[in-house]
2 protein chains.
Amino acid sequence: MLKVGNENNMEKNKSAIIVGAGLAGSLWAVYLAKAGYKVTIYERRPDIRLAEISAGKSINLALSTRGWKALDTVGVGDQIREIAIPMYGRTMHDLEGNLTYQPYGKEGEAIYSVSRGGVNAKMMDIAEHDGGATIHYNHECLGADTKKGVVYLKNKETGEELSDQADVVFAADGAFSAVRYSAFQKLDRFNFSQHFIEDGYREILLPAGEGGEYQLEKNALHIWPRGRFMLIALANEDGSFTCTLFMPHEGDAGAFDKLNSKERVNTFFKTTFPDFYEMMPNIADVWEDHPLSSLGIMRSYPWHDGKTALIGDAAHATVPFYGQGMNGAFEDCTVLHELMQKHNENWESIFPEYSLVRKPDGDALQELSLDNYYVMRDFVGDSAFLLQKKIEAKFSALHPDKWMPLYSQVTFSEIRYSDAHKNGLRQDKIMKEVMASMENIETNWDSEEVMNRILEKI
Amino acid sequence: MLKVGNENNMEKNKSAIIVGAGLAGSLWAVYLAKAGYKVTIYERRPDIRLAEISAGKSINLALSTRGWKALDTVGVGDQIREIAIPMYGRTMHDLEGNLTYQPYGKEGEAIYSVSRGGVNAKMMDIAEHDGGATIHYNHECLGADTKKGVVYLKNKETGEELSDQADVVFAADGAFSAVRYSAFQKLDRFNFSQHFIEDGYREILLPAGEGGEYQLEKNALHIWPRGRFMLIALANEDGSFTCTLFMPHEGDAGAFDKLNSKERVNTFFKTTFPDFYEMMPNIADVWEDHPLSSLGIMRSYPWHDGKTALIGDAAHATVPFYGQGMNGAFEDCTVLHELMQKHNENWESIFPEYSLVRKPDGDALQELSLDNYYVMRDFVGDSAFLLQKKIEAKFSALHPDKWMPLYSQVTFSEIRYSDAHKNGLRQDKIMKEVMASMENIETNWDSEEVMNRILEKI
């Protein structure tokens, strides 16, 4: 019997262009290559594997369930596990250096610290060697014809301008996507917004101890919460920690524009993060090793036009406060892959459904991230808020089938972001009602009465 | 005594570039020229005065108090009055062709119908001849260095690329501002959004009668409200009316995507706007004379960077449902002019204050426009809403010093848009409370009791 069509992958008569060899782009390249596409990636930067060049400004990243799902589906999860460090909970550091520990989920549940550069390099290897994808570095995208599947490029080494065309094009070129700015944003009725929050961030590398040992517990995410600003630390493989200070750009005190001398930086760390300062008394000297960066949320719709689609940050960049930027981008691959199967690789059906179905989840991811920013900023020290979380944890432990904490829905499940967001709002409403209706809730918060009251309202 | 500095306008040692010779750009050119600046305008389109070319897609515009203020301050109001037609109220056309008339304000208060092209051409004349400004047509803006006050341009006739530099640069290049897209949007922490509403619009030219006469009352704005869509008509000087149909782009019925044949257009107008159809039975033949256009709101912040500022639609494009787009753009000139005097033309002080002070008014202008879209779309046939407006009108007539209707605040006053918006919300809250607290409000709406209840709440 004659075999026709796409079953023979050797022929590679299907082609795809991916703009951007970052996290989403390189993972999606593996998916497309395995589905038999001739994949060409154009990346603005040089090959991060050959040069000591940062793969973009970035905090260390936390891989969680959605990310692993997308990696495992295409068989690359285990290779990433080799460079991932589990974090089973968060360790809070107070002003006196006292530590408090909160597990993230149930026994054995963890989020995984990975370096953006490390994951990216490994994924590029896989895309090239296992997938047969071609990556062109130093190629800046100048524009695109979304309808025709054409991208216009400039070779930054030779200055040459060129174009390429494929059956489908994916813009995985990040929060400041050139394809989105130069092509999508000029489409009639394309909705878009970029909104920067008041806070920025600066990375700090806490080196390994003298014997190469970790100076902090390796398997936890460390947080120094200080009200309007905070410092966090995630372990690297070599014993160092990548730390990030989040703080307002401008302000009266505790703002980046006030930390404008070595002396001020030194005093600030000494008084605000004394236990951290003890490990790193040279903080003022390395303060400017990493740039001060901004934090923005980019919304867009639709996520496709003609033969071209936006994925990952190019479609729905978010602030990092829920640790879901990479996971959400990887989940885009899961969704697109499922739609490829559902629609038998008919992109004219896949793309509209992708925009329509996935957009509410991108929105919810952004809302959840922004909510968590406000929580961390304004409520982390609020006693009513902390009491509510304590009651929720107790109730969830009693009735795990009836109440999954929002954090677990987002981090340890594949519940759609939009459903998790709705569930979270409903749970919050129930908790607020219960807490308002009870007298002496501060003392009898773990009573049967309180637990039953919640049960009634579910 | 030796005179120094800017007092001698002859020398023109101060220079300004304006990108865009539209309404805001050409008016602002007059302001700057009169203040002694050597003004150079770069306009993407050919000279509209020489060619039969539309000055952009546009409904006829309604000039009101804020617009006149800005025109009169720089002495050009009377020249525009020559081509303006007063509209003292709105005339509603129902399905049977019955007319209802509502005055816009008090005796003698009117908004003024002007053609965008007509005002624009006159303003270009004034800028060139009275102001000595130079307008370069067919010059497309490719980019800008906002810090240095440089713009990069392409002469579309010769293909030549060039740049120009001045002390200050103003981007008056409209809703799709090239300066904003190519320069501002790439600035760190520049907030921006473009949001398109579900409705689009199409213009229709209702010609003068056979003897050149107006086929409708000239001194009114005509509205055919039909729930989810509406037709409006504003008089032109030559006896014709510029009419605009606002309607959803897509939908089950009464949507542009359903009016896709001459037969459907004909049937739609015959059944939906019978009195209009009688005047224009050839509507289906001229349906495609004007393009279907979209309606969007563009928000941005800040409105300045370095030596460059956004004005008019480039800063705060809005939907046209309050008739304030042009008036708001002209008021930007009033505000900038006042700040020039306050800060003695020190742009380093003027620009930050302009961004900070004027932004809330741009936001409020957009909120008011969007609110009015929803009002026209969803509430215009709502009996409670109509009752509320009736009570408000009665109360305002009784106590004109205590209650200026929101429409009058926006249209016939110079109250800041942001204050008008706040006042409107407060008035709405009072009215809702009064109406909810009274029994039989439908019958005793004009009673002393109701009027006193409002009085108590103010």
Side-chain angles (χ1 to χ4, degrees), chain A residues 44 56-57 140-143 173-202 246-251 255-257 291-302 305 314 316-317 319 352 355-356 359 363 366 370, chain B residues 44 56-57 140-143 161 173-202 247-251 255-257 291-302 305 314 316-317 319 352 355-356 359 363 366 370:
Chain A
R44 188 168 51 87
K57 299 170 288 185
E140 183 182 2
C141 176
L142 302 177
D173 50 348
F176 299 93
S177 167
V179 175
R180 195 191 60 217
Y181 279 135
S182 65
F184 276 77
Q185 211 178 319
K186 288 172 183 162
L187 296 172
D188 187 33
R189 298 172 71 201
F190 179 71
N191 287 334
F192 173 72
S193 73
Q194 57 183 51
H195 169 73
F196 291 88
I197 62 171
E198 290 164 38
D199 292 37
Y201 70 92
R202 196 188 275 275
F246 295 96
M247 196 157 68
H249 284 281
E250 292 104 17
F256 282 114
D257 67 343
L292 171 61
S293 302
S294 300
L295 294 164
I297 287 200
M298 270 74 167
R299 295 184 167 89
S300 57
Y301 193 80
D305 186 66
H316 51 70
V319 290
S355 276
L356 200 66
K359 167 69 173 168
D363 286 343
Q366 294 171 324
L370 212 43
Chain B
R44 187 169 52 87
K57 299 170 288 185
E140 184 182 0
C141 177
L142 303 177
E161 295 197 2
D173 50 350
F176 300 94
S177 167
V179 175
R180 195 191 58 217
Y181 279 134
S182 65
F184 276 78
Q185 212 178 316
K186 288 171 184 163
L187 296 172
D188 187 35
R189 299 173 68 201
F190 179 69
N191 287 333
F192 173 71
S193 73
Q194 56 183 51
H195 169 75
F196 291 89
I197 63 171
E198 290 165 36
D199 292 38
Y201 70 92
R202 197 186 274 278
M247 197 157 68
H249 284 280
E250 292 103 17
F256 281 114
D257 66 343
L292 171 60
S293 302
S294 300
L295 294 164
I297 286 201
M298 271 75 166
R299 295 184 169 90
S300 56
Y301 193 79
D305 185 68
H316 52 71
V319 290
S355 275
L356 199 68
K359 167 69 174 170
D363 286 342
Q366 293 172 326
L370 211 45

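Lettering of chains follows the sequences in order, A, B, ..., and the numbering in each one begins at 1. Keep in mind that what you see is a predicted model, and the values were worked out from it rather than measured. Scope of the values below: all heavy atoms of this structure, side chains included, with no hydrogens, waters or symmetry mates.
Scanning residues 174-184 of chain A against chain B with a 4.5 Å heavy-atom cutoff picks out A:Tyr181, ordered by number.
Partners of B:Arg299 under the salt bridge (Lys or Arg N to Asp or Glu O under 4.0 Å) rule, at least two apart in sequence or in another chain, are B:Glu367. Residues satisfying the side chain to side chain donor-acceptor pair (under 3.5 Å) criterion with B:Glu250, sequence neighbours excluded, are A:Arg189. B:Asp305 meets the side chain to side chain donor-acceptor pair (under 3.5 Å) test with B:Thr146, B:Lys147; sequence neighbours excluded.
Taking all atoms of both residues into account, the shortest heavy-atom contact from A:Phe190 to B:Phe196 is O-CE1, 3.4 Å.
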